[in-house]
There are 2 protein chains.
Amino acid sequence: MTTRRDAVHDTLRKSEGFRSAQDVYAEMRLHGAKIGLTTVYRALQALADGGKVDVLRNDDGESVYRACATDTHHHHLVCRRCGHTVEVAGPAVERWAEMVGSEHGFTEVTHTVEVFGTCSTCSAEVKTG
Amino acid sequence: MTTRRDAVHDTLRKSEGFRSAQDVYAEMRLHGAKIGLTTVYRALQALADGGKVDVLRNDDGESVYRACATDTHHHHLVCRRCGHTVEVAGPAVERWAEMVGSEHGFTEVTHTVEVFGTCSTCSAEVKTG
DNA sequence: GGAGACTTTGACAATCATTTTCATTTTGGC
DNA sequence: GCCAAAATGAAAATGATTGTCAAAGTCTCC
């Protein structure tokens, strides 16, 4: 029985940027889906555990999710106004993190890197509007 | 009247790694300080706003704070077991983030970079214990 | 020294995302 | 059809954070 989980995954796929669990839930209900908030949370966690979606925390500390195009390790460049997200690979950062870690004797080094900015569309709007 | 705020700041200074607001509050009470949870939150926010302390989110989504040695922009290498924290500068990362942003037409680019690992002390413990 | 204005404080209630609980439903195998 | 295991979801619980508001502290001006 993975219908619900698939539905959640589909909803994420159709979204441009990162969406919160509450967000996904609200959208699914809007489109008439019969699903509970609990299930959305569980589906999202399962997808994240399985590496199917990426998770990060927004400024409010909420978990936000995104179905990413690539399976490989990558980071995100997120517009802080419209949420538009670009996936970026950064071999330089990977190497840097590894190096910094080993320099200080740390092992099993992982890292979180997120880049925020204002995308061209939004910065144009700010100027005109 | 900045006594409380200073007290909060002092408590942070005495700490090795990142501490949550609840944590700081509990510790201050332990040491006999008469202070309210609300005030700790407010003090921490004020300090963070003023750039006096660094904030990040731990895996639980809690805000954690740290009084850092340097005023300049830097990142952290945090031991995921003991919380031991090393401040690291990473010009390479700064440049990378800037580059990635401008490549995609993003302006006002900021970034968050945190590196987690297991420090030498802890990895030794894991092996023996 | 004291009055008044303004800020800080803190107990408590309110919020809000997330998790837990638990009874019901569904699915799959037999 | 029937049973066991997994999935579902409504409602309650949790827990960090924020808002409220009255009491207390601080400062200035007299």
Side-chain angles (χ1 to χ4, degrees), chain A residues 1-12 15 17-67 78 80 83 112 114 116, chain B residues 1-12 15 17-67 78 80 83 112 114 116:
Chain A
M1 192 198 315
T2 50
T3 25
R4 302 304 153 110
R5 202 174 73 182
D6 285 343
V8 170
H9 200 175
D10 282 347
T11 303
L12 265 192
S15 303
F18 281 86
R19 311 291 301 271
S20 70
Q22 303 278 346
D23 222 13
V24 171
Y25 171 69
E27 174 149 341
M28 293 184 76
R29 300 293 296 219
L30 266 186
H31 289 297
K34 287 294 276 326
I35 193 170
L37 184 54
T38 312
T39 306
V40 172
Y41 273 102
R42 275 191 293 236
L44 250 17
Q45 281 168 347
L47 288 168
D49 283 351
K52 299 290 196 313
V53 304
D54 279 3
V55 201
L56 58 84
R57 304 260 179 183
N58 69 9
D59 288 343
D60 291 337
E62 285 178 279
S63 294
V64 289
Y65 303 83
R66 170 153 207 244
V78 185
R80 69 166 68 81
T112 68
E114 303 302 335
F116 298 92
Chain B
M1 191 200 312
T2 50
T3 24
R4 302 303 152 112
R5 204 174 72 179
D6 284 344
V8 170
H9 200 176
D10 281 348
T11 303
L12 265 193
S15 303
F18 281 86
R19 311 291 301 271
S20 70
Q22 303 279 345
D23 222 14
V24 170
Y25 171 68
E27 173 148 342
M28 293 184 76
R29 300 294 295 219
L30 267 186
H31 288 298
K34 287 296 275 329
I35 193 170
L37 184 54
T38 312
T39 306
V40 172
Y41 272 101
R42 274 191 293 235
L44 249 18
Q45 281 169 348
L47 288 167
D49 282 351
K52 299 289 198 310
V53 304
D54 279 2
V55 201
L56 58 84
R57 302 262 179 184
N58 70 9
D59 289 342
D60 291 338
E62 287 177 280
S63 294
V64 288
Y65 302 83
R66 171 154 206 244
V78 185
R80 68 166 68 81
T112 67
E114 303 302 336
F116 297 92

| Under the side chain to side chain contact (heavy atoms under 4.5 Å, CB included) criterion, do B:Arg19 and B:Val64 qualify, and how do the steps go? | CA-CA 5 Å; B:Arg19 311 291 301 271; B:Val64 288; over 6 Å; no

Rounded to whole angstroms, how far apart are [atom1] on [X] and [atom2] on [N]?
{"X": "B:Met28", "N": "C:dG10", "atom1": "CE", "atom2": "C1'", "answer": "13 Å"}
{"X": "A:Tyr25", "N": "D:dA10", "atom1": "OH", "atom2": "P", "answer": "6 Å"}
{"X": "B:Glu62", "N": "C:dA17", "atom1": "CD", "atom2": "P", "answer": "17 Å"}
{"X": "A:Arg19", "N": "C:dA17", "atom1": "CZ", "atom2": "P", "answer": "14 Å"}
{"X": "B:Gln22", "N": "D:dT14", "atom1": "CD", "atom2": "P", "answer": "15 Å"}
{"X": "B:Asp60", "N": "C:dT19", "atom1": "CG", "atom2": "C1'", "answer": "12 Å"}

| query | Is the shortest side-chain N/O distance from B:Ser63 to OP1 or OP2 of D:dT17 below 4.0 Å? | reply | yes

| said: Tell me if the CG atom of B:Asp59 is crowded by more than 12 foreign heavy atoms within 6.0 Å. | reply: no

| field | B:Asp49 CG: over 12 foreign heavy atoms closer than 6.0 Å | value | yes

| request: Apply side chain to side chain contact (heavy atoms under 4.5 Å, CB included) to B:Leu12 and B:Leu44, showing your working. | output: CA-CA 10 Å; B:Leu12 265 193; B:Leu44 249 18; 4.0 Å; yes

| task | Write down the atom of A:Arg80, the atom of A:Phe116, and the distance for their closest heavy-atom approach. | result | NH2-O, 3.8 Å

| Hey, mind stepping through A:Val53 and A:His9 against side chain to side chain contact (heavy atoms under 4.5 Å, CB included) and telling me if it holds? | CA-CA 8 Å; A:Val53 304; A:His9 200 175; 4.2 Å; yes

| note | Sorted by number, residues from residues 29-50 of chain A placing a heavy atom under 4.0 Å from DNA chain C are A:Leu37, A:Thr38, A:Tyr41, A:Gln45

| query | Where the side chain of B:Arg4 is concerned, which of C:dT9, C:dA17, D:dT17 is the nearest nucleotide? | reply | C:dT9

